Amino acid sequence: MSFPLLTATAALPALGAVATAAVPAAQRTAAKWLALLFSLATLALAVTVLVRFDPDGERYQLTENHAWIRDFGVRYELGVDGIAVALIALTALLIPFIILAGWHDADPLETGSRRWRPTQGFFALILAVEAMVVISFEATDVFVFYIFFEAMLIPMYFLIGGFGDRAHEHGEETAATQRSYAAVKFLLYNLAGGLIMLAAVIGLYVVAGTFSLTEIADARADGTLHMATNTERWLFLGFFFAFAVKAPLWPLHTWLPNAMQEATAPVAVLITAVVDKVGTFAMLRFCLQLFPEASKWATPVVLVLALISIIYGALLAVGQRDIKRLVAYASISHFGFIIMGVFAMTSQGQSGATLYMVNHGISTAALMLVAGFLISRRGSRLIADYGGVQKVAPVLAGTFLIGGLATLSLPGLAPFVSEFLVLVGTFARYPVIGVIATFGIVLAALYTLVLYQRTMTGPVKPEVSAMPDLRAREVLVVAPLIVLLIFLGVYPKPVTDIVDPAVKQTLSDVHKQDPQPEVEAAK
């Protein structure tokens, strides 16, 4: 039997979570280093998956298939395509930076505080989320995917509600209440989506007689499995609703600004750069592959909702007074671009959407983590409390600027390529949607540059006059992300070479081909 590489990649952070939680309470530093070592070991396994994956080989590779619950046809079935490989690599890459950035976020509060922040629990929960996200990307059994799609909500709930941002202007009791509200709202929204999906999962089993994604797809392709039109549409809606909540897509997005505002900056990155990607990934893997005709039927409505997310998220970002809420609404706008690319049903759109998932993860991590370093120094999330930071902390301001420029998709930085591909792919089939979506780019430039101007330029406010610049640990967190943003902005080929074959197979699942350009005949 070959080494179960995919299982190991998901099991290692789970083992790390248990080991970190078991460290004695007094050994907080040891728990941090242990969590970091497990995250780096997981990154090494993810790189091994990346190296062993052949983009021109079988659709699903490194597969594992074992009986699990025989009476219900549930199998422990794993496999990765190019899209999953790219997102596993992104997840494994970001977790060590998240741990380093949150190195002191779960330390005990000052003497006299009524709350104790268990350091071991904080880092154990981060590793637990990583394990569940990784296996969600690997699962090719719908039931296995559903279990971990829902299970990741529990550690995320405790990370949001139990380890909130210390920068709060209304005192500890009010902060605790708002953290609790944000955590419960996150949990209820996602549980509601998951329960609807559970009904669809059961319905799919009744129709298909199996939970295996590959078996269902093969049966659909060779004509041995037929779904009634209405049945397929209802099942699609059940799956899509859960993924749209996770993504998040307007109008199911309202949990995200609260969660990101109240969470620590590293946990906010974990939410939007890692966990939310499961929703958009699942649209590609499950909605389009299992329900191709229903996906085409729903495309016009989904594109309109994605367009609303792009414009609405960007407009609300412009008007924000809170730095973290601004980044949250910017992410809603960016997820609108990703979903638009998925449902444009073109190779450029879907390649751009997958590349956007990777690039958005890196750019949001860079911007939000630097914002977290800034907030921890001043003790405030309000934009109005800053000014002139670039004069006292030029490295912090410079990295903040690069992260912001990546967010607005400046040419030469990674998100530009993916956003350009999404717009080109959308315009090729839906020109009106593509044209309106470009206004999201204009608004992104507005909220990003205004944020930088108000916080980093102008007279130095007395409260920031003694602000220290980035420390060595913080530079170690941000510098690799900046390098990746520049490298993938100039040379995105390593990622596109991996994802393009998988995108072509997804298009074939929905029986779509790229529209031919209209070229005027030469006279």
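Quick caveat, the model's predicted, so the values are computed rather than measured.
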inquiry  = Measuring from atom CD1 of I147 to atom CG of D141, what distance do you get when rounded to the nearest 0.5 angstrom?
reply    = 8.5 Å
remark   = Output for pair (S351 OG, L507 CG), nearest 0.5 Å, gives 8.0 Å
query = Is I498 close to L50 at the side-chain level, that is, under 4.5 Å between some pair of heavy atoms?
reply = yes
ask   = How about T214 and T140: does a side-chain donor come under 3.5 Å of a side-chain acceptor?
value = no
ask   = For the residue pair H253 and F335, is the inter-centroid distance of their aromatic rings smaller than 6.0 Å?
value = no
query = Taking it one step at a time, do I216 and Q289 satisfy side chain to side chain contact (heavy atoms under 4.5 Å, CB included)?
reply = CA-CA 9 Å; I216 296 172; Q289 191 169 344; over 6 Å; no
key: Sub-4.5 Å side-chain heavy-atom contact between L270 and L94   = no
ask   = Within 45° of the ring axis of F149 and under 6.0 Å from its six-membered ring centre, is that where the NZ or CZ of K246 lies?
value = yes
message = Could you tell me if the side chain of L125 sits less than 4.5 Å from the side chain of F163, heavy atoms only?
response = yes
ask   = Do any N or O atoms from the side chain of S347 and from the backbone of K504 form a donor-acceptor pair under 3.5 angstrom?
value = no
note = Between F53 and V80 the two heavy atoms that sit nearest each other are CE1-O, 3.5 Å
ask   = Is there a donor-acceptor contact under 3.5 Å linking the side chains of T210 and S212?
value = no
ask   = Between M357 and V499, is a side chain to side chain contact (heavy atoms under 4.5 Å, CB included) present by the stated rule, with each step listed?
value = CA-CA 12 Å; M357 293 185 220; V499 304; over 6 Å; no
ask   = Has the side chain of Q320 got a donor or acceptor atom that lies under 3.5 Å from a matching backbone atom of L316?
value = yes
Heavy-atom pair with the smallest gap, counting every atom of A92 and E130 = CA-OE2, 3.7 Å
request  = Look at the side chain of Q120 and the backbone N and O of A31, then say whether any donor-acceptor pair between them is shorter than 3.5 Å.
outcome  = no
message = Quick check: do F373 and V478 have side-chain heavy atoms less than 4.5 Å from each other?
response = yes
ask   = Where the side chain of E64 meets the backbone of L6, is there a donor-acceptor pair that is under 3.5 Å apart?
value = yes
Check: Q350/T506 side-chain N/O donor and acceptor closer than 3.5 Å = no
inquiry  = I'd like to know whether T364 forms a side-chain hydrogen bond (donor to acceptor under 3.5 Å, both in side chains) with T272, so could you lay out the CA-CA distance, the side-chain angles of the two residues, the decisive distance to 0.1 Å, and finally the verdict.
reply    = CA-CA 8 Å; T364 298; T272 190; 5.2 Å; no
Identified ring-ring contact (aromatic ring centres under 6.0 Å, His included) partner of F143 from the options F148, Y205, F211 = F211
query = Hey, is CZ on R473 packed in by over 12 heavy atoms from elsewhere, all under 6.0 Å?
reply = yes
query = Which heavy atom in P480 sits nearest to a heavy atom in V477, and how many Å separate them?
reply = CD-O, 3.7 Å
message = With a 3.5 Å distance limit and no angle check, can you tell me whether S333 reaches the backbone of I310 through a side-chain donor-acceptor pair?
response = yes
query = With a 4.0 Å cut-off, would you call D322 and R381 a salt bridge?
reply = yes
task = Determine, using ring centers only, whether Y157 and F186 are less than 6.0 Å apart.
result = no
ask   = Just by distance, with hydrogens left out, do T254 and Y189 show a side-chain donor and acceptor under 3.5 Å apart?
value = yes
ask   = So, for S295 and C287, which heavy atoms are closest and what is the spacing to 0.1 Å?
value = OG-O, 3.0 Å
key: Atom NZ of K185: over 12 foreign heavy atoms under 6.0 Å   = yes
key: Close side-chain approach of F122 and T264, heavy atoms under 4.5 Å   = yes
CG on L191 to CD1 on I196, rounded to 0.5 Å = 11.5 Å
key: W103 atom CH2: more than 12 heavy-atom contacts under 6.0 Å   = yes
task = Could you go through the side chain to side chain contact (heavy atoms under 4.5 Å, CB included) check for L159 and V129 one step at a time?
result = CA-CA 10 Å; L159 283 170; V129 172; 4.1 Å; yes
task = Might you point out which heavy atoms bring I482 and A366 nearest each other, and give the distance in Å?
result = CD1-CB, 4.4 Å
ask   = OG1/T20 to CG/L127 distance, rounded to the nearest 0.5 angstrom?
value = 5.0 Å
Sidechain-backbone polar pair: N359 side chain, A414 backbone, donor-acceptor under 3.5 Å = yes
request  = Give a yes or no answer on whether the side chain of W255 reaches the backbone of V245 with a donor-acceptor pair at less than 3.5 Å.
outcome  = yes
ask   = Which distance, rounded to the nearest 0.5 Å, do you find between the CE of M260 and the CD1 of I332?
value = 9.0 Å
query = Any idea how F240 and F236 line up, ring-wise: parallel (<30°), tilted (30 to 60°), or perpendicular (>60°)?
reply = parallel
message = I want to check something: taking the side chain as every heavy atom from C-beta on, are T407 and P415 in contact at a cut-off of under 4.5 Å?
response = no
request  = Please round to the nearest 0.5 Å and tell me the distance separating atom CD of E150 and atom OG of S136.
outcome  = 10.0 Å
message = Atom OH of residue position Y76 - does it have more than 12 heavy atoms of other residues, nucleotides or ligands inside 6.0 Å?
response = yes
task = Walk me through it: do M345 and T299 pass the test side chain to side chain contact (heavy atoms under 4.5 Å, CB included)?
result = CA-CA 9 Å; M345 303 292 184; T299 289; 3.5 Å; yes
query = Counting only N and O atoms by type, is there a donor-acceptor contact under 3.5 Å from the side chain of Q61 to the main-chain atoms of D54?
reply = yes
key: Heavy-atom pair with the smallest gap, counting every atom of A30 and V23   = CB-CG1, 4.4 Å
task = Please work out whether the ring planes of H334 and Y356 are parallel, tilted or perpendicular, with thresholds of 30° and 60°.
result = tilted
query = Going by heavy atoms in the side chains, are P13 and V134 under 4.5 Å from each other?
reply = no
message = Any heavy-atom pair between the side chains of V269 and V274 that's under 4.5 Å?
response = no
